[in-house]
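Nothing fancy with the numbering, it's 1 onward along the sequence. Whatever order the structure lists them in is the order used to number ligands and atoms, beginning at 1.
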Amino acid sequence: MKKVLITGAAGFIGSHLCDRFIREGYHVIGMDNLITGNLKNIEHLFPLEHFEYYHHDVSKFVHIPGNLDYILHFASPASPIDYLKMPIQTLKVGSLGTHNLLGLAKSKNARILIASTSEVYGDPLVHPQTEEYWGMAYHTYHGLETRIVRIFNTYGPRMRMEDGRVLPAFFTQAIRGEGLTVFGDGSQTRSFCYVDDLVEGIYRLLLSDYPYPVNLGNPSEITILEFAQEILRLVGNSKAFIDYRPLPVDDPKQRKPDISKAQSLLQWEPGVNRSEGLEKTYAYFASIVDK
Ligand code: UDP
């Protein structure tokens, strides 16, 4: 039985990865320090024989007894609000944490997959964004088997309500009958990928032999204003409305992944359209938001 370590296991994407690897018949070690993760996201896995949970901060030395086949590093605060609240922990998990896990991968001869964010493309001048638009030593110098997923906006059940991201904000506001806080005139675009599609892409990338960054995201692009209107229609709360707010500085004007690399290397593309994905996500938020 293959053994996989998933860091950030109690987080949004990490918890969905735990589910997937359990379903595929792996022994899963989930690690989290719970600064933004929530045990509720993985408590259904606790009774399983092949799931173990380690409460640990990966910016400290990581010890795993026995053999290890794969490491997926998904531990990090993951929204601008969280980065501002926890700047040091964010830097430490991305630097010291990544370094510790690379060292662990080297000592166990394990393959490691690291999550990168489409934020590296900034306010992009090339549209859609390819992996080459921006520029690994462990791969080059130590021959380590690295995989790098570059994640574009992703949504789905278990997203954190209080992290300031647009989708949890809009659902919470629509359900409570408040204003949906559209920043600027809402003409900036994003492209939203349903979490199950992302997880499928990550699974394929891990098992592929490609060591460089690969974009994963849904190229279906929408303005933030249209997105707010879709959520208003879906929730159907007549008290909710659009509430324009100032645009944050450095807010990228547009974002859309070029996924040709994933299509050709992994035969992957998203299969869940926005209306289906939003329905499933609405069911989740309806169950956790107090009205
Ligand atoms: N946004 C918004 N209202 C909110 C939160 C976000 O209009 O309450 C906008 C934000 O300015 C950005 C887009 O939604 O243009 C996506 O923001 P998010 O923080 O979710 O992700 P990112 O900027 O990383 O794509």
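Scanning all protein heavy atoms for the shortest distance to atom 21 (O) of ligand 1 gives Arg165 NH1, 2.8 Å. Of the protein's non-hydrogen atoms, the one nearest atom 23 (O) of ligand 1 is Arg190 NH2, 3.2 Å. Considering only non-hydrogen protein atoms, atom 4 (C) of ligand 1 sits nearest to Thr181 O, 3.2 Å. The protein atom (non-hydrogen) at minimum distance from atom 10 (C) of ligand 1 is Asp251 OD1, 3.5 Å.
In Val166, the parts holding a heavy atom less than 4.0 Å from any atom of ligand 1 are both the side chain and the backbone. With a 4.0 Å cut-off on non-hydrogen atoms, Arg245 does not touch ligand 1 at all.
In this structure, Phe21 and Tyr26 have perpendicular ring planes: the angle between them is above 60°, well past the 30° mark. Tyr194 and Tyr155 have perpendicular rings, their planes meeting at more than 60° on a 0 to 90° scale where under 30° would count as parallel. Ring-plane geometry between Tyr282 and Phe171 is classed as parallel, the angle between the planes falling under 30 degrees on a 0 to 90 degree scale with a further cut at 60.
Atoms of ligand 1 found under 4.0 Å from any heavy atom of Arg255, numbered from 1 in the order shown, are 22 (P), 24 (O), 25 (O). Near Ala169, meaning under 4.0 Å from one of its heavy atoms, ligand 1 places the atoms 8 (O). Of all atoms in ligand 1, numbered sequentially from 1 with element shown, those under 4.0 Å from a heavy atom of Val182 are 7 (O). Those atoms of ligand 1 with a heavy atom of Asn153 less than 4.0 angstrom away are 21 (O), 22 (P), 25 (O). Shown in contact with Ile224 at under 4.0 Å from a heavy atom are these atoms of ligand 1, numbered in order with element: 7 (O), 13 (C), 14 (O). Taking a cut-off of under 4.0 Å to the non-hydrogen atoms of Gln188, the atoms of ligand 1 that pass are 9 (C), 11 (O), 15 (O). Proximity to Gly164 (heavy-atom distance under 4.0 Å) selects the following atoms of ligand 1: 5 (C).
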- Item | Evaluation steps, side-chain hydrogen bond (donor to acceptor under 3.5 Å, both in side chains), between Arg160 and Thr36 | CA-CA 8 Å; Arg160 257 176 93 221; Thr36 57; 4.8 Å; no
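For Arg111, the side chain to side chain donor-acceptor pair (under 3.5 Å) criterion is met by Glu145, not counting sequence neighbours. Phe241 pairs by the ring pair (Phe, Tyr, Trp, His ring centres under 6.0 Å) definition with nothing, not counting sequence neighbours.
Under a cutoff of 6.0 Å and an axis angle of 45°, Arg190 and Phe227 do not form a cation-pi pair.
An N or O contact shorter than 3.5 Å links Phe183 to ligand 1 by distance. Where the criterion is an N or O separation shorter than 3.5 Å, residue side chain and backbone included, Gln173 fails it with respect to ligand 1.
The shortest distance between side-chain heavy atoms of His44 and Asp19 falls below 4.5 Å.
Proximity of the aromatic rings of Tyr212 and Tyr210 is defined here by a centroid distance below 6.0 angstrom, and this criterion is met.
Within the 3.5 Å criterion, the main-chain N or O of Arg255 finds no donor-acceptor partner in the side chain of Gln129.
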